[in-house]
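These notes are about the structure you will find just below.
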Number of protein chains: 2
Amino acid sequence: MPIPFDVLAEPQRRRILDLLLERPRLVGELTAELGLSQPGTSKHLRVLREAGLVRVRQDAQRRWYELRPEPLAELDAWLAHYRHLWSASFDRLERHLDQLKDDAP
Amino acid sequence: MPIPFDVLAEPQRRRILDLLLERPRLVGELTAELGLSQPGTSKHLRVLREAGLVRVRQDAQRRWYELRPEPLAELDAWLAHYRHLWSASFDRLERHLDQLKDDAP
DNA sequence: CGGCTATATAACCAAGGAGGTATTTTCGAG
DNA sequence: CTCGAAAATACCTCCTTGGTTATATAGCCG
């Protein structure tokens with residue numbers, strides 16, 4: 001699964017992720033919060049779904065959308081290549097991370 | 001400076017960042033590596049410059065482009081809101097980070 | 001100065017995508 | 001079995017943008 005940069009480039013989609021970070025939501029709720037048309041919201045949700053950033057749980061006619069953070073973890077991994085450029089204590093941090101892994105796997 | 005999601009959404013621009021991660025480069029070098037036209041490369045560089053992701057150092061007619069990681073650090077900060085979703089040891093990590101700060105400021 | 005090199009800007013074009021309205025599908029309630 | 005609610009899909013339009021070629025700008029060197 002490639003990192004969904006283009007999916008995240010859309011502000012409304014990031015707002016959806018922010019909302020889903022709090023709790024799962026119905027399409028109708030998201031539509032209201034975003035101020036979009038219902039089909040517009042559904043279209044964004046489809047893109048997010050296909051990128052693996054959200055999953056759906058069906059409940060009668062309702063669909064609960066919830067976050068799937070895996071692609072964001074991949075984005076995080078990509079960022080790691082650059083992180084030493086701004087994180088002065090990056091090397092020490094890495095060593096501590098390794099140590100954490102050993103402590104509690 | 002807002003997080004430049006849309007700037008990063010362009011694959012060629014990410015390739016430029018990857019190349020600049022190794023070392024600063026001239027426009028001509030980047031053009032060759034990307035297989036784009038020279039104006040095409042310049043246009044991407046302008047976008048990256050305006051997003052604060054690169055800076056230029058002039059040297060006669062040459063322009064050396066180099067990485068500016070600050071916007072990526074902001075992206076990292078945005079990601080932090082989501083990080084606990086996949087990083088099981090996130091809380092412990094946070095404590096260790098604070099400790100590091102105290103150890104060596 | 002005149003020409004050469006490196007880069008930027010201008011003008012244009014084609015494709016993609018975000019938005020809307022209209023329509024379809026699905027499912028529960030009565 | 002019909003009606004209504006919830007969400008998805010179809011279709012269209014407009015705007016943005018990545019790519020191109022042509023041209024302008026800037027600075028070195030003979």
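Chain letters run A, B, ... following the sequence lines, proteins first, then strands; residues in each count from 1.
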DNA chain D contacts among residues 62-69 of chain A, heavy-atom distance under 4.0 Å: A/Arg62, A/Arg63, A/Tyr65
Using a strict cut-off of less than 4.0 Å between a Lys/Arg side-chain nitrogen and an Asp/Glu carboxylate oxygen, indicate whether B/Arg25 and B/Glu66 qualify as a salt bridge. no
Rounded to the nearest 0.5 Å, what separation is found between the CG atom of A/Leu79 and the CD atom of A/Glu74? 13.0 Å
Measure all distances between protein nitrogen or oxygen atoms and nitrogen or oxygen atoms of nucleotides 15-19 of chain D, and list the pairs falling under 3.5 Å.
unit_1, atom_1, unit_2, atom_2, d
D/dG18, OP1, B/Arg13, NH2, 3.3
D/dG18, OP2, B/Arg13, NH1, 3.1
D/dG19, OP2, B/His44, NE2, 2.4
D/dG19, N7, B/Lys43, NZ, 2.9
D/dG19, O6, B/Lys43, NZ, 2.4

Carboxylate-amine/guanidinium contact A/Arg15 A/Glu10, below 4.0 Å: no
In numerical order, the residues of residues 15-33 of chain A whose heavy atoms come under 4.0 Å of DNA chain C are none
To the nearest Å, how far apart are B/Arg57 CZ and D/dG27 P? 16 Å
For B/Leu17 and B/Leu48, which heavy atoms make the closest approach, and how far apart are they? CD2-CD2, 4.1 Å
Looking at B/Arg63 and B/Val56, would you say the former's side chain and the latter's main chain have a donor-acceptor pair under 3.5 Å? no
Short N/O separations, protein against nucleotides 27-30 of chain C, under 3.5 angstrom:
unit_1, atom_1, unit_2, atom_2, d
C/dC27, O2, A/Gln61, NE2, 3.4

Checking the side chain of A/Thr31 only, and the main-chain atoms of A/Val27 only, is there a donor and an acceptor separated by less than 3.5 Å? yes
Closer than 3.5 angstrom, by distance alone: can the side chain of B/Arg13 be matched with the main-chain N or O of B/Val7 as a donor-acceptor pair? yes
Which atom pair, heavy atoms only, marks the closest approach of B/Pro4 to B/Ala51? CB-CB, 4.0 Å
Polar side-chain atom of B/Arg49 near backbone of B/Val54 as donor-acceptor pair, under 3.5 Å: no
Any Lys/Arg nitrogen of B/Glu29 or B/Arg23 sitting under 4.0 Å from an Asp/Glu carboxylate oxygen of the other? yes
Polar pair under 3.5 Å, donor/acceptor by atom type, side chain B/Gln38, base C/dA6: no
The criterion is side-chain hydrogen bond (donor to acceptor under 3.5 Å, both in side chains); which residues satisfy it with A/Gln58, sequence neighbours excluded? none
Expressed in angstrom and rounded to an integer, what is the separation of A/Leu48 atom CG from D/dA8 atom C1'? 15 Å
With B/Trp78 via ring pair (Phe, Tyr, Trp, His ring centres under 6.0 Å) - residues at least two apart: B/Phe5, B/Tyr82
Nearest-0.5 Å distance that lies between atom CG in B/Leu34 and atom CG in B/Leu19: 6.0 Å
For A/Arg14 and C/dA18, what is the distance between atoms CZ and P respectively, to the nearest whole Å? 12 Å
